[in-house]
Amino acid sequence: MTTPIRVRFAPSPTGFLHIGGVRTALFNWLFARHYGGSFILRIEDTDEKRYVADAVTDLLASLRWIGIDWDEGPEKGGPHAPYVQSERHALGIYRQYVDQLLAHGHAYKSFVSNEELERMRAEAMARGLKSFRFRGPERDWTPEQVAAAEAQGLPYTVRLKVPLEGVTSFQDLVRGGEQINVNNADLYDIVLLKSSGMPVYHLAHLIDDHLMQISHVIRGEEWVPSTPYHVLLYAALGWTAPIFAHVPNILRQDGRGKLSKRKDDVATNRFWERGYLPEAMFNYLALQGWSYDDHTEIMTRTEIIERFSIERVQPSPARWNPEKLQDMNGIYIRKLTVTEVTERILPFLQQAELVSTPVTPTERAYVEQLVPLIHERLEELGEAPDLLDFFFRDVSFPDPTLLIPKKMDTPTTAAALRAAIERLTPLTDWSEATLEQTLRALIAESGLKPGQLFSAIRVAITGRTVAPPLFATLAALGQQRSLERMRAAVATLE
RNA sequence: GCCCCCAUAGUCUAGUGGCCCAGGACGUCACCCUUUCAAGGUGAAGAUCGCGGGUUCGAAUCCCGCUGGGGGUACCA
């Protein structure tokens, strides 16, 4: 029989979830969905010091936003509940395994205090030792010595008794199943249980992975160096280790280091705030370290699930490339219908106070009318308010020279605008087609270049030199407001 | 310092011994379309496949060394 595929994403709630974390979650999720396995979400909050209160809420929201759902985990439950380590610790789940390790001589109680540890480290440094690898003196203590120390009520940690010699090896799916070998002499006796009695990551995650029957551990490559400890621990506990796959980190844009929560603008919530589509982010992130073939990039969720394979994940780290993401977001926005874009930009327009909250039916209809003018110009939905601003607010000309097109001056520009006003005022049909016809006729008669006339009118009605197509803009703005703005422009020129 | 991982254009990647004097995408530039900006179309520049040695009739692809980058080195995860 084959063991069922079960993977997990196990973040620690120490702050917002950044896109690197989402990418790791995504690969796990894709792996599970591809093979029809289970994706488990587990919160690893064994670090009491770094715990951030709202982090879990943010984390769940980030995953849900991009479309990652979990089969077992917080707010969902499952056969291995609870899925929060502090709760599991409270239930006493970990302690029995520590006792087992102690009893079998695979771990020992260490009474060395933090201060002593510091001193030992400093001493080793002073002696010019190449590196400090802690091996507690208690490794070889007799039961009597241990009992004596305990009788004194000394606080202790439980450390793994790592072999002094030999080699620890494991394979990694991302590295083509390559064997990674580490000399035990390069390892040290890691802490398994803190003096507070709280298990450390290495112990807790491993017990949970075993209990939750995780078949594949897919995690960031920063875990490669500690995997030998995990291998040793599995053996000490008499358990079979899962299959490991370490996915590369996402590096900062300049390549200097991995993405950091503090220095980089990569919090997942920042992307929905700026108007990124979850499907675009999903597609982009799937391509950070994984590819399908030599030319396919735009793929639906279903296609990515079908095509995903962990063997095709790159071992080398990728750099964060916001330009590529933005381009992809534009592609996804252009695929949306006008109604969909309307719905999605409404919140941004409300935030900019261009429309009211809740939006009125009239406003919604007007926005829907405007969307075609900016649809293909949007790369982030958050750009919409700026692009549409002049449809909702009056324009002004702090710099009247903006009104004057190339190769023209104040009098000729004013004259051109006056001529346009004269032609447009009597119009009874304010449609895009009629507007174009009328203004082109004016050009033919006046001898002006299209760019000159259109440019002057554009600035007059929008207050800017770059704007959506002129006739559609005039049509959407309406006859009265268009003419008022053109007259105002003429006035500022005079 | 020590240990581990990685290495194809500025960036993301295809490539697993001959189909590759290296394909796709982002970015850049040019032209077309065009009232501006986009979008779209066409095209261009950009990689001695990090460097040096091997193995082989033949290497981006296999091996070794070096260099560079990244990660780890906590009673953090």
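Naming: A, B, ... by sequence-line order, numbering from 1 per chain.
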Whichever of A:Pro469 and A:Glu222 has the more 5' nearest nucleotide on RNA chain B, that residue is A:Pro469
Need one value for A:Gly257: base, sugar-phosphate or nothing, where a base atom within 4.0 Å counts as base even if backbone is also close, heavy atoms only. sugar-phosphate
Quick one: which of B:rA77, B:rG70, B:rC26 gets closest to the side chain of A:Tyr201? B:rA77
Watson-Crick or G-U wobble partner of B:rC51, both distances under 3.5 Å: B:rG65
Under 4.0 Å between a side-chain N or O of A:Lys194 and OP1 or OP2 of B:rA74? no
Tell me which nucleotide, if any, is Watson-Crick or G-U wobble paired with B:rA25 when both distances must be under 3.5 Å. B:rU11
When the aromatic ring centroids of A:Phe27 and A:Phe308 are compared, is their separation below 6.0 Å? yes
Pairwise C1' distance for B:rA44 and B:rG27, with rounding to whole Å: 14 Å
Using a heavy-atom cut-off of 4.0 Å across all strands, would you classify A:Val112 as base, sugar-phosphate, or nothing? base
Using heavy atoms to find the nearest nucleotide of RNA chain B for A:Pro315 and A:Leu470 separately, return the residue whose nucleotide is more 5′. A:Pro315
Phosphate OP1/OP2 of B:rC75 contacted by A:Arg159 side-chain N/O (<4.0 Å): yes
A:Tyr156/A:Phe111 aromatic ring centres below 6.0 Å: yes
Taking atom C1' in both B:rG41 and B:rG53, compute the distance separating them and give it to the nearest angstrom. 48 Å
For A:Tyr201, is there any backbone N or O sitting under 3.5 Å from a side-chain donor or acceptor partner on A:His205? yes
Regarding A:Lys449, tell me which of base, sugar-phosphate or nothing describes its non-hydrogen contacts under 4.0 Å with the strands shown. nothing
pair A:Leu387-A:Leu378: side-chain heavy atoms closer than 4.5 Å: yes
If we take the P atom in both B:rA9 and B:rG24, what is their distance in whole Å? 16 Å
Classify A:Gln452 by what it touches in the nucleic acid, base, sugar-phosphate, or nothing, heavy-atom distance under 4.0 Å. nothing
Could you give the distance separating B:rA7 and B:rC63 at their P atoms, to the nearest angstrom? 12 Å
If you compare every side-chain N and O of A:Arg312 against the phosphate oxygens of B:rG15 (OP1, OP2), does one of them come in below 4.0 Å? yes
Nucleotide of B:rU11, B:rC76, B:rG70 approaching A:Leu251 most closely (side-chain heavy atoms): B:rG70
Classify A:Leu187 by what it touches in the nucleic acid, base, sugar-phosphate, or nothing, heavy-atom distance under 4.0 Å. nothing
Quick check for you: among B:rC75, B:rA77, B:rA14, whose closest atom lies nearest to any side-chain atom of A:Val191? B:rC75
Please work out if A:Ala467 contacts a base, only the sugar-phosphate, or nothing of the nucleic acid, heavy-atom cut-off 4.0 Å. base
Choose from B:rU36, B:rC75, B:rG70 the nucleotide whose nearest atom is closest to any side-chain atom of A:Glu221. B:rG70
Counting heavy atoms from C-beta on, name the nucleotide in B:rC6, B:rC76, B:rG24 closest to the side chain of A:Asp47. B:rC76
Using the C1' atom in both, what is the distance from B:rU55 to B:rG65, to the nearest Å? 15 Å
Which part of the nucleic acid does A:Arg121 contact within heavy-atom distance under 4.0 Å: base, sugar-phosphate only, or nothing? sugar-phosphate
Assert yes or no for the condition that the ring centre distance of A:Phe454 to A:Phe471 is strictly below 6.0 Å. yes
Just to be sure I understand the rule, does A:Ser195 reach a base, reach only the sugar-phosphate, or reach nothing, if contact means heavy atoms closer than 4.0 Å? base
For B:rG40, which nucleotide in any strand shown is its Watson-Crick or wobble partner with both distances under 3.5 Å? B:rC32
Donor-acceptor check, side chain of A:Thr24 to backbone of A:Gly20, threshold 3.5 angstrom: yes or no? yes
Look at the side chain of A:Arg159 and the backbone N and O of A:Ser110, then say whether any donor-acceptor pair between them is shorter than 3.5 Å. no
Using a heavy-atom cut-off of 4.0 Å across all strands, would you classify A:Asp293 as base, sugar-phosphate, or nothing? sugar-phosphate
Whom does B:rG1 pair with, Watson-Crick or G-U wobble, provided both distances fall under 3.5 Å? B:rU73
For a quick check of understanding: with a heavy-atom distance under 4.0 Å over all strands, which category does A:Trp320 fall into, base, sugar-phosphate or nothing? nothing
Taking any heavy-atom pair under 4.0 Å as a contact, classify A:Leu287: base, sugar-phosphate, or nothing. sugar-phosphate
Is the backbone N or O of A:Leu277 less than 3.5 Å from a side-chain atom of A:Asn329, with the two atoms forming a donor-acceptor pair by type? yes
Of the nucleotides B:rC75, B:rC26, B:rC4, which has the atom closest to the A:Ile180 side chain? B:rC4
Please report whether the ring centroid of A:Tyr229 lies less than 6.0 Å from that of A:Tyr188. yes
For B:rA14, take OP1 and OP2 only and decide whether either is under 4.0 Å from a side-chain N or O of A:Ser291. yes
Between B:rC75, B:rG72, B:rA25, which nucleotide has the shortest distance from any of its atoms to the side chain of A:Val200? B:rC75
Atom CG of residue position A:Asp54 - does it have more than 12 heavy atoms of other residues, nucleotides or ligands inside 6.0 Å? no
Mind checking A:Pro11 for me? I need base, sugar-phosphate or nothing, with any heavy atom below 4.0 Å counting as a touch. nothing
Using a cutoff of under 3.5 Å, can you pull out all pairs of nitrogen or oxygen atoms linking the protein to nucleotides 40-46 of chain B, with atom names and distances?
| unit_1 | atom_1 | unit_2 | atom_2 | d |
| --- | --- | --- | --- | --- |
| B:rG40 | OP1 | A:Arg334 | NH1 | 3.4 |

Taking the same atom, P, in B:rA14 and in B:rG54, what whole-Å distance lies between them? 30 Å
Of the candidate nucleotides B:rC6, B:rC37, B:rA25, which contains the atom at the shortest distance from the side chain of A:Val466? B:rC37
So does A:Thr14 get a backbone contact from the side chain of A:Ser12, meaning a donor-acceptor N/O pair under 3.5 Å? no
Quick one: label A:Thr14 by what it contacts on the DNA or RNA (base, sugar-phosphate, nothing), any heavy atom closer than 4.0 Å. nothing
Residue A:Ala318, side-chain heavy atoms: nucleotide from B:rU13, B:rC3, B:rC37 that is nearest: B:rU13
Please report the distance separating the C1' of B:rA25 from the corresponding atom of B:rC62, rounded so that it comes out in whole Å. 30 Å
At less than 4.0 Å, is any side-chain N or O atom of A:Thr46 found next to OP1 or OP2 of B:rC76? Yes or no. no
Quantified in whole Å, what is the P atom distance between nucleotide B:rC21 and nucleotide B:rC37? 41 Å
What does A:Arg50 touch in the nucleic acid at a heavy-atom separation under 4.0 angstrom: a base, only the sugar-phosphate, or nothing? base
